[in-house]
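Positions are given from 1 along the sequence.
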Amino acid sequence: MLDLREADVNLLKKAGRKQSLLATWTTGESKYMSLALNLALSVRRNTPHLERSFVCIALDREARRAMRKHRFQTILHAVPRLDLKDAIWKMRWFILHTFAYFGVNGFVLDSDIVVLRSPFEVLKGDADFEVMTDHFWPELHLWEYWTRPEEHINTGCIYVKASNRTKAFLYEFLEDHNETQVGGIPRHWMDQQVFNKFVQRKLFHSSSDLVHGLYESQIYRNTRPLLPVVDPIRIRILDPVVVAHGMNYFWIRAHERPGQERQPVLAHANGVDGKEYFLRDRKLWYLNDFETRFEGQNFLTYEHPPRLSLANDFRHLTRAVVVAASLKRRLVLPNRMNCNNCPALEAYKGTAMLGTSNCTFDYFAWSQSFLGHHGELVVESGLESDPHFALLSAETATSDHFVELFQAAWKGGHGGKGNFRSRRLHIADLELAYKTALEVGFRPAMVFECRHHDWPVGWMACRDQRFVQAQGMFSRCEAFPEQGGCGYRGVTCCEAFWGWSEKLEYFTGKSWDLPCNCGLSECEPREGAERAQGCCAFAGGQPRCDRRIRMESVPEINTPEDTESLTSTALAELEAFGDPISFWKTCRLNRQLRASDKTIEELLWNCHRLATRFLLLKQNLDVLGRWCRFAHRLRRAATDTADLAFPRNWPSPTLLRPFNAETGKVEVLRTEDLNLKLSHDLAQLGFLQQKFSRSEILEVVEGLRLLGNIKVFDSIYAGNRARFVPELKAEVNITIDPLVDSFSVTDGILNSSLVEALADWFAEATIWHAPHLQGQLLQASLLDGLNCEALMSVASGFKSQLRTLVLENMWAWKLNAMDTHPPVRVYSNSQFGAPDLLLLFWVSDGEESEGLELTRSKRRHFIQRRKNRVVLWGPEWIGALHFGRAQSEYRAKQVDLIMSFRKSFGHKLYPGWGVHALQWSGESA
């Protein structure tokens with residue numbers, strides 16, 4: 001909740017006594033503060049009767065000071081700078097939960113909203129929450145699986161009806177998503193997307209009928225609940241024209257459609273960027289900041305010709321920028337560009353409102369990119385309607401004055417006939433003015449820089465994985481021939497993201513087919529030093545080279561952006577359905593699209609790490625075993641098999657270098673380890689060849705051939721492949737003797753046939769990849785082969801007996817060749833300290849001197865190695881293994897199976913939070 005003083009609580013209750021509240025929040029940083037003040041001033045200007053119901057939550061003293069200076073009600077919820085990012089993510093939910101807790105109804109609004117009329121008049125009053133949406137046609141697309149989750153509920157405007165139910169609902173959301181990361185997996189950066197997934201899970205993926213979604217007369221719900229709910233949470237979606245998102249209001253002006261009776265009560269500057277530019281240009285800027293913004297600056301205007309082609313529209317615009325820069329003035333952008341050149345307006349039903357030549361540049365090009373690179377040279381077209389601008393002195397320059405005008409400006413003065421010192425200068429003939437600027441020595445290269453523009457394959461919603469799955473591969477969009485190319489940096493017409501150009505084809509079937517360079521031809525392509533470079537230059541100039549997208553290397557579809565976050569659908573489906581191939585495909589595609597993995601091995605490891613971290617957090621040991629078995633073959637493939645789902649243009653998986661499953665480092669075995677490791681592997685392969693028919697172990701025979709030919713040891717050892725890992729399943733029923741004095745010994749823990757089967761499996765499975773102590777001990781680990789179904793069942797059985805403890809890791813040591821050696825200590829990764837419990841299990845008997853020594857201060861216990869014996873001990877004891885002489889017969893080599901357990905942090909969604917990956921943990925005691 002918000003950190004409130006008694007006076008703050010009284011203010012909230014008083015302000016909300018007669019009328020529900022309107023609230024926003026902000027920091028004192030200027031770009032956020034100006035938006036929050038603009039919202040507050042819109043309330044004062046357009047709905048003055050609501051000002052006493054408006055409250056701003058200030059996250060620092062600067063914000064409180066600024067709001068109070070303008071006489072707005074403010075509550076300080078100070079946030080330390082280090083916690084600011086997390087606080088901003090949670091702030092709307094803190095405010096909503098605080099409202100619900102104190103019984104106050106109200107809207108919580110993003111600061112980039114303006115209030116046009118009272119938003120309370122559009123509330124239906126039949127729901128716990130009433131929210132805005134980012135859909136154009138909610139009646140068609142709301143809650144459809146193929147749409148992006150964040151589109152359904154726009155969390156920039158949420159009304160909460162205070163009750164115990166809404167309080168509990170909001171608390172649950174905050175509790176589930178309180179941490180910025182869990183176990184190294186981040187929370188997704190966009191709280192709107194996370195909230196939508198939270199709601200969708202309760203709507204459609206719950207055993208109960210927990211949430212109902214409403215739009216007009218439509219109801220969305222779980223129609224087949226196992227556990228019906230009498231009083232579900234109701235969330236109503238409001239009309240996106242009346243509670244308007246940015247695309248509807250600022251772009252297609254849906255409220256101006258013929259026959260549209262209900263007018264907007266507020267407009268949200270989302271989906272348009274930069275926000276301040278659109279608010280100013282569309283005349284929704286209420287701060288009186290003209291003088292401070294433009295102190296001492298002069299302006300240039302010109303007549304933009306109507307009904308031009310896209311190329312000519314942008315040729316005129318960019319030439320006007322060059323002319324303005326040469327005269328040291330800021331260009332007032334035109335609003336007469338040809339609307340017919342925008343592919344979206346007819347599809348989005350916006351032509352009736354805009355006409356033919358009534359468009360600003362942002363209908364075609366990415367405004368933030370243009371303003372980010374050239375914003376100091378231009379101002380929005382809407383400035384011409386500002387009364388302050390109209391009062392500025394004005395002059396018109398005709399062709400008779402151009403030479404004097406540009407020469408004077410070039411020399412650093414104003415000059416020219418009449419001196420042209422007015423703050424507003426209108427150019428009567430742009431083409432002649434541009435020609436004159438060139439004649440006096442000014443060049444486009446002084447303003448613009450050439451660069452290669454790629455089609456934004458990674459952003460296009462019509463390549464989304466779920467969209468393509470739902471609509472068919474034929475629906476996947478592609479770039480048009482020559483759509484990418486050389487143009488001006490910051491002037492790009494295929495990346496108009498903030499007008500939803502990337503969603504046009506996905507919603508309507510109409511492609512955004514504008515050329516990336518907006519039709520400008522001043523920049524020429526040049527040869528790059530590398531194939532992946534796109535190089536462009538002005539004629540006779542030096543080229544600029546940028547890494548370009550090679551379409552043959554991009555994934556066939558775009559995975560969801562949150563694939564590697566805690567709310568990842570791919571991770572949730574892996575855990576729910578246990579399909580490792582589907583997860584591998586999604587993770588691979590995602591990393592190809594968004595990550596910068598230098599090698600296939602690095603990509604493989606990152607997917608392996610993500611899956612194992614998540615499944616350990618969930619403590620789903622069954623699926624963890626399935627994934628690890630698949631990943632073991634994927635990472636250490638001995639032959640090509642189709643089920644590994646490698647792309648056709650990738651090398652054979654058999655050519656990949658094995659890497660450590662826990663550290664991600666390429667596996668490099670030391671020469672001093674390899675002698676004994678090689679002798680073990682040859683013995684194992686010989687054992688398998690004797691035990692099985694040749695057809696069963698073709699990979700083993702190939703392994704013998706490879707290992708037999710090793711003369712000089714390579715750093716990449718050919719023996720560490722998943723050549724033969726047999727299946728082993730078992731039903732397990734385990735009962736452990738209780739710990740006495742923090743340790744226990746239980747004999748006969750498993751049935752004897754399973755113990756023999758495990759001993760056989762340890763002998764047969766080619767999983768002993770990590771040599772230690774010069775190869776005298778070999779290690780197998782949970783994440784790298786030690787994960788047959790029977791072992792995972794045994795681990796689950798032990799975990800079920802240990803109640804509050806969760807499995808951290810599992811590894812095994814095989815005594816390969818040893819005469820004498822000091823005892824080897826058993827402990828968890830020292831970076832995190834000892835685990836809360838260690839477990840040791842033996843599958844064979846040993847000599848009297850072999851076993852586990854437990855020491856605690858001056859106390860000592862020695863537990864002899866016995867077949868089917870398990871030993872558990874807590875962190876109060878130090879455990880050290882005593883080894884005897886290694887068995888010469890391969891099948892009889894001793895194996896120690898070890899598991900480590902830790903106390904769970906008790907997280908509802910992630911019971912395994914608190915565990916840590918384990919690496920080689922043996923050292924001399």
Side-chain angles (χ1 to χ4, degrees), residues 26-42 44-45 62-63 65-72 111-112 114 269 273-302 317 320-335 360-362 367-368 370-397 405-406 408-416 418-427 433 437 442 446-447 490:
T26 186
T27 71
E29 190 176 345
S30 59
K31 65 178 180 179
Y32 302 118
M33 192 68 246
S34 59
L35 288 171
L37 277 171
N38 192 61
L39 165 59
L41 290 167
S42 75
R44 179 173 289 170
R45 173 78 65 86
E62 291 79 6
R65 190 180 305 118
M67 277 292 177
R68 286 185 171 179
K69 180 180 178 181
H70 287 79
R71 304 187 309 283
F72 290 110
S111 60
D112 58 345
V114 291
D273 206 10
K275 297 175 185 295
E276 193 171 310
Y277 160 78
F278 276 94
L279 289 164
R280 290 181 184 277
D281 189 69
R282 275 41 166 192
K283 306 175 184 61
L284 292 181
W285 194 254
Y286 297 96
L287 271 73
N288 185 5
D289 59 356
F290 184 90
E291 292 302 329
T292 55
R293 185 183 175 204
F294 297 122
E295 184 179 3
Q297 296 184 33
N298 297 323
F299 304 95
L300 182 80
T301 59
Y302 76 103
L317 172 60
V321 174
V322 171
V323 169
S326 68
L327 295 175
K328 301 173 184 175
R329 291 174 176 267
R330 293 184 72 173
L331 176 71
V332 179
L333 290 166
N335 62 357
T360 46
F361 82 97
D362 50 82
S367 55
Q368 184 59 29
F370 181 77
L371 298 170
H373 289 99
H374 311 295
E376 75 284 356
L377 301 175
V378 299
V379 296
E380 68 279 357
S381 65
L383 188 69
E384 287 198 81
S385 62
D386 190 308
H388 296 86
F389 185 82
L391 292 174
L392 298 179
S393 56
E395 292 179 87
T396 297
L405 181 66
F406 283 99
W410 188 244
K411 293 174 183 176
H414 294 279
N419 290 324
F420 290 103
R421 297 182 183 276
S422 298
R423 294 192 58 189
R424 292 164 49 201
L425 178 65
H426 185 76
I427 293 291
F442 206 83
M446 296 176 178
V447 177

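Nearest heavy atom pair, residue L405 against residue L425, reads CD2-CD2, 4.0 Å. Taking each heavy atom of R424 and F389 in turn, the nearest pair found is CD-O, 3.3 Å. Taking all atoms of both residues into account, the shortest heavy-atom contact from A320 to L300 is O-CD2, 4.2 Å. Between L279 and N38, the closest heavy-atom pair is CD1-ND2, 4.1 Å. Of all non-hydrogen atoms in V378 and R330, the two that sit nearest each other are O-NH2, 2.8 Å. Closest of all the heavy-atom pairs between V447 and H374 is O-CE1, 3.8 Å.
Partners of R44 by salt bridge (Lys or Arg N to Asp or Glu O under 4.0 Å), not counting sequence neighbours, listed by chain and number: E51. The side chain to side chain contact (heavy atoms under 4.5 Å, CB included) test applied to A63 returns T26, M33, A58, D60, not counting sequence neighbours.
Taking a 6.0 Å sphere around CZ of F290, one finds it holds more than 12 heavy atoms contributed by other residues, nucleotides or ligands.
The shortest side-chain heavy-atom distance between T360 and Y277 falls under the 4.5 Å cut-off. With a 4.5 Å cut-off on side-chain heavy atoms, N288 and H388 count as touching. Counting heavy atoms from C-beta outward, L392 and S422 have side chains that stay 4.5 Å or more apart. Residues L317 and P334 have side chains in contact (heavy-atom distance under 4.5 Å, counting atoms from C-beta outward).
For F442 and F406, the distance between ring centers is not under 6.0 angstrom.
Judged as a salt bridge (charged side-chain N to carboxylate O under 4.0 Å, His left out), the pairs with a partner in residues 287-300 (not counting sequence neighbours) are, in order, R280-D289, R293-E380.
Remark: the backbone N or O of G382 is not paired with any side-chain donor or acceptor of R282 at under 3.5 angstrom.
Residue S34 holds its OG atom at 11.5 Å from CG of L39, rounded to the nearest 0.5 Å. Taking CD of E384 as the start and CG of D281 as the end, the distance is 10.5 Å to the nearest 0.5 Å. Note: F299 CZ to L383 CG = 5.5 Å, rounded to the nearest 0.5 Å. Considering CG of L371 and CG of L333, their distance stands at 7.5 Å, rounded to 0.5 Å. Between the OH atom in Y302 and the CG atom in L331 there is a gap of 6.0 Å [rounded to 0.5 Å]. A distance of 7.0 Å separates CG of L37 from CZ of F72, quoted to the nearest 0.5 Å.
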